[in-house]
Amino acid sequence: MFRLFWLLKWKSLKAELQYPVNFLSGLFGTSLIGAMDILMLWVPVTAFKAIGGWDFWQLGFMFALWKMSHGLHEFFFLPFRGKHDEFLRMGDYDSFLIRPMHPILQILARSEFVVANMLSELFPSVTMFLICAPHVKVPWSMGNILFLGLLLFSGAVIEWAVYLFISTFGFWFVRTNALRSIAGTFLFRAANYPLHIYGRVFPFIMTFVFPFAFMAYYPTHYFFQMQNPLYSVWMPYLPPLVAIVALTIAWGFWSLGVQKYQGSGT
Amino acid sequence: MSAFSGARGLSGEIWAAAGLIRASVQEKLVYRFDLLVTLVRNLILITIFRFLWLSLYGGQAEFGGVSLNQTLTYATLGIILSPLFPNSLILDVGGRIRSGNILFDISRPLHFGSLLLYQMMGQFVAALATSAAPMFLIALALGELTLPTSGWVWLAFGVSLALGFFIAFWLDFIVALAGFWLTETWGLFYAKWSVVDALSGKYLPLWIFPPFLRGLALALPFRGILYSALAIFVGQVPLEKIPAELGFQLVWALMLTLMGRLGYVAAARHLSVQGG
Amino acid sequence: MIKVFHLNKHFRIAQPGQGVAGKLRALIAPQYKTIRAVDDISYTIRAGEIIGYLGPNGAGKSTTIKLLTGVLVPTSGEVRVGGREPHRNRIANASQIGVVYGQRSQLWWDLPLVDSFEILAAMYRVPSARYRQVSDELVALLQMDDFLNQPVRRLSLGQRMKGEIVAALLHEPPILYLDEPTIGLDVVAKNRILQFLQTINAQKGTTIVFTTHALSDVERICPRIIIIDRGKVALDDSREAILNRFGRMRQLVVEFEDYIQPVALPAGRVIKQENNNLTIEFDREQISAFDLILSLKDQTGIRDIAIKEENIETIVTRLYEQAAR
């Protein structure tokens, strides 16, 4: 199964490289979005010295964690944020359901431009990470590096779980772009700044509804050795658990949705 | 041809424009659900930036000569108005070129640029009426906006917004012309999008930029899209400097129109040589 | 091989309300309309048969295929494919069937055709030696060598359809479903594909179920034809029997230079006479079109001639007429 997954990713890279100009210009263009996001942090921080008590290096570190996670998401899980509605509308599901492989895995394999997408997230984020990490005084140890890896992957799974859940609404409604766009606003805009500046409602949403805060905001507390995150002192350690729970819920919901597609649900 | 000969000239052009604008308005109204989504999205964005500015001001009423109220008005209005401006023509035109539908567009008795311009004007009007105006009232009710007291400022704001539309359109059109040469255009789309987002002052007012970046942003045409109108509205452009600000926009609008027209001549020649 | 017994598939479709009040009502208490896409169908298909599954658009052909492949779950009744219920054993069923949709693609658009084959072979766990053997054989049969390394998006419709069929056969399924595979194909491509299906059936004993709405497609290769209309089996019989009953009738439409004199025909009957146009229905077993035209040569100059075969819609109409009689 994993061999097949990598074969499909390899083929998809091959497909991307069929359009080298598009690959490179896409890489450049989407990397600029990252640069723009960094600018959106750097400009106010330069003018006002800090956002919610965090300096530029701390904000940059958090941004880097978020974006590296997001980059992994793009590589592994992109189609559920992208083309799922189209697969339903165009009837691709009929093909997914007649092959001896789980449809969700087939959909993950069906992505386009995953490599360009991943690299355009990783360029700005890894750069930011390398710039900011020395300033925030993280006590790097082998355990911390492994934990960082686990956190990044958990973050990617959390983002995937949210979009898998949203995509599943497509089995009942033709378009899910309303929810997608709202979740995207939290993911791409609200997650850039530290959660504690947002009062009470937004932190609740980003912790319990769209748990994007576990992608970077809570884990940064661990690396900065900050004592009192919102809600509980355990929050920085929870991302792997949140990832498992969120994915289980979303996967279960999807299974209901596909039953509806096959006409045995309602 | 003969059917059109009676409606040629300026009156024919206006007739065609009115038809296209009306069609775009109607098209927009079909997707009423999308309007609701835009509303919710805008409310979320307004909240995000409201909290950001509150946190940055940290209880002070003023920073660097700009009051918190001015900044909040700027941020809110920027979020409300930015969806009005065309920014994805390149995807549209690129798609039409790949599918070959461009042949229909360029065989209409109307300049291709004008065709798109009128369609975008229709979308501008429709978005203004259906999303920006209600959002404006909601934001006003929420106390996010401080309104200018002078009628001249209101007038200048309106003019500036209109000029901003033309700058945004022709910039977008010029970038879209690249679609005539390139087969895939999404990289360019994102690149242009990021630059416009940053330099038009959509999210952050240019006055908080560090000096050298501010100098750069103020010299480029992108500021004319949104920053000019917003800065006039919140009173960051003094009354006596408003004519200069509008003049800056007007000059760029004209220059970009000219560049767009000339660029299209080259693109059309390329298309006729390459056969699409 | 395939057994279908009192099979039903009904869809409930919410009716959109009329006007603002109606729309609101539809939101709170939706009104449903039941569509009987497949309505009490029974038949048995033996291993090695080629079945032509005919019916007008919207008759329930695709729904049946989806029930047979396990994509849809039946409302009631029984489906067994190779002894299994497809929707309960979707994955096990998957490896014994191949499916081709004429209007959709299961190939990877931007990749060379051969890459799609490799991916599918891996997905179906075909050992690599076996994969090479099977694909070489199929590729040779369909003469696909010259476009095997082209990206799918650059293939012509005919080339792509050959690719779709090979893609569906790489894991050597005993059953092949083809859902309107000939739609939009030119005659040459269509003939090659039909011939290929016959060869596969003869050599490997593959059971083939072939849906279409063009009688002429299945006439050549399907010994048995099932006609379906409005979800019901309208007719299930051998090709010979059906052609004898219905396929013999032709229509000859002749346009004359001038007004038509009354005519005495050696066979057939005039079904329409309008200005300069004359439509004659005839039985091709009784008289050839050529003889029929010859018999009209005394008329003032013939300007144009068209011969129309009976299409599936008229056959189905006729079936109902006969049933009513």
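A, B, ... follow the sequence lines: proteins, then strands. Residue 1 opens every chain. Every heavy atom of this structure was used, including side-chain atoms; hydrogens, water molecules and symmetry mates were not.
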Residue A:Tyr198 versus chain B: region with a heavy atom under 4.5 Å: both
B:Phe63, part contacting chain A, at a heavy-atom distance under 4.5 Å: side chain
Proximity breakdown for A:Ala35 and chain B, heavy-atom pairs closer than 4.5 Å: neither
Between A:Thr30, A:Thr46, A:Leu179, the one whose heavy-atom pairs under 4.5 Å with chain B are most numerous: A:Thr30
Side chain, backbone, both or neither of A:Phe186 within contact of chain B (heavy atoms, under 4.5 Å): side chain
Toward chain A, the part of B:Leu52 with a non-hydrogen atom under 4.5 Å: both
Proximity of A:Phe48 and B:Tyr57 rings by center, below 6.0 Å: yes
Pick from B:Ser194, B:Gly58, B:Gly64, B:Ser55 with the largest number of heavy-atom pairs that fall under 4.5 Å of chain A: B:Ser194
Straight-line distance of A:Arg189 CZ to B:Ile48 CD1, nearest 0.5 Å: 8.0 Å
Interface moiety of B:Phe189 toward chain A, non-hydrogen atoms closer than 4.5 Å: neither
B:Trp53, CH2 atom: more than 12 neighbouring heavy atoms under 6.0 Å: yes
Contacting region of B:Leu213 [heavy-atom separation from chain A under 4.5 Å]: side chain
Residues, nucleotides or ligands: over 12 heavy atoms within 6.0 Å of A:Phe171 CZ: yes
Non-hydrogen side-chain atoms of B:Leu45 and A:Thr185 separated by less than 4.5 Å: yes
Best-contacting candidate, A:Gly26, A:Ser120, A:Ser31, against chain B by heavy atom pairs under 4.5 angstrom: A:Gly26
